[in-house]
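What follows is a short report on a single structure.
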Amino acid sequence: MAANALFGPAGFPTSFFESKYKRDRVNGPEWLNQLGLDLLELQMVHGPRTRPDVAAQYRTQGEEFGIRFSIHASYYCVLSSVKPDVVERSFASLAKTAELAAIIGAPRIVLHPGTTAGGREVALDRFITNMQKFVANDLPDGVHIHPETAGKVNSLGSLTEILTICREVPSCRPCVDFGHLHCRQLSELDTDNGWTFTKPTDYIVAMDHMKANLTPEQWQDMHYHISPIQFTAKGEKKHRTHGEMISDDDANPVVGEAGDPWFPIAEQFAQALAETGYPAWVVSEASDSMDRGALAMKQAYLQKVG
Ligand SMILES: [Zn+2]
């Protein structure tokens, strides 16, 4: 099976700033090349503030060191909002992010769909209508928006909702966060399916379901996030460190016993990817250990691909 997946971190862990790259993020591609990783998800989660000249430097460095880019858009971009002024600001922020993506050469922008205020179905409709408007007017060639599955049950973004968005807005592609889907297992919404992602076959079943509900172009551009994660009945509570075990304080009948691993386990997903050969860009969002999470996945993947 030929390798068909790329791996990298969500932004920069402490270890980057302690490295010889001297806190300068445009050296990220060189650092990742040294580590043996493939991609970097740039975090514009507090707004697209990167200067255009810095964006151009990322592009040059990415080309030199063979590193691809994606961008995580601002948390304050809420296209599902009931408030027209919030939607207008969100359009402006997303348009600026897309301009930077075009300069950087980042074909993928990850976006949280946002609130379900006023009711899930109407919020989903608002998101779809606003996204259709955005892609018709403001999306540069070669850039796609990837709405992400949400870890909090009350946020828009069950897997079914993300697949519905992609059906209604064909230029969108999913960002499937398995940590978030793992957190939704206690959800009683009929758009949730109770998948736990505690063994490799869970991923294969889920990916087959996605593949069956997407166009070939969308499937080719699949984007994934993964991190071990703590949750309650409401969903996501906290991203945990790569390889971390559950402590006595956090143990409970739902998440597991002390000494058990936090799920999902990134290497299990990497094995499922290797087994299927499915296309993927995979971003580790493990807490301050996303470089280690990405490397562990790449190693598990290459071992199985052979
Ligand atoms: Zn995520």
Side-chain angles (χ1 to χ4, degrees), residues 5-13 37-46 68-80 94 97 101 106-115 127 144-163 165-166 172-185 187 192 195-197 202-203 206-207 210 221-232 234-242 244 262-266 268-270 273 280-294 296-297:
L6 302 181
F7 299 92
F12 298 89
L37 288 169
D38 313 305
L39 68 89
L40 174 58
E41 187 151 294
L42 293 166
Q43 305 292 298
M44 299 192 188
V45 296
H46 300 295
R68 308 295 306 274
F69 296 104
S70 52
I71 294 176
H72 199 306
S74 169
Y75 296 142
Y76 314 110
C77 247
V78 188
L79 292 187
S80 59
L94 197 55
T97 307
R108 304 178 176 202
I109 298 174
V110 173
L111 176 70
H112 292 180
T115 174
F127 182 88
H144 297 284
I145 307 291
H146 292 247
E148 179 178 356
T149 56
K152 291 220 166 42
V153 177
N154 278 338
S155 298
L156 196 58
S158 69
L159 179 58
T160 301
E161 287 163 346
I162 296 299
L163 293 172
I165 292 167
C166 291
C172 283
R173 281 90 172 91
C175 172
V176 172
D177 186 316
F178 287 114
H180 290 167
L181 294 186
H182 174 68
C183 289
R184 301 183 72 94
Q185 61 186 286
S187 160
D192 275 316
W195 282 329
T196 60
F197 301 101
D202 290 354
Y203 297 97
M207 287 192 290
M210 296 170 208
D221 289 346
M222 280 304 298
H223 198 79
Y224 299 98
H225 286 174
I226 191 163
S227 60
I229 207 159
Q230 184 175 9
F231 64 93
T232 67
K234 289 180 180 162
E236 173 175 8
K237 184 174 176 199
K238 194 176 173 203
H239 287 224
R240 310 296 311 208
T241 306
H242 178 74
E244 188 180 349
W262 288 106
F263 285 98
I265 296 174
Q268 289 189 343
F269 174 46
L273 275 178
W281 285 20
V282 188
V283 174
S284 171
E285 289 189 327
S287 177
D288 199 25
S289 51
M290 37 300 196
D291 50 341
R292 285 196 282 126
M297 280 190 278

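No experiment lies behind these values; they were computed from the predicted model shown. Order of listing sets the numbers, starting from 1, for every ligand and every atom in it.
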Scan Phe269, Phe197, Trp281 and name whichever one has a ring pair (Phe, Tyr, Trp, His ring centres under 6.0 Å) with Tyr224.
Phe269
Side-chain heavy-atom pair Leu79, Pro113 within 4.5 angstrom cut-off
no
Check: Met290 and His239 side chains under 4.5 Å, non-hydrogen atoms
no
Verify side-chain contact (heavy atoms from CB on, under 4.5 Å) between Met297 and Ile226, making sure each step is shown before the conclusion.
CA-CA 10 Å; Met297 280 190 278; Ile226 191 163; 3.6 Å; yes
For Glu41, enumerate each residue passing the side chain to side chain donor-acceptor pair (under 3.5 Å) test, keeping only those at least two apart in sequence or located in another chain.
Ser70, His223, His225
Measuring only between side-chain heavy atoms, which start at C-beta, is Met44 closer than 4.5 Å to Ser74?
no
Could you tally the protein N/O/S atoms lying less than 2.8 Å away from the Zn ion (ligand 1)?
4
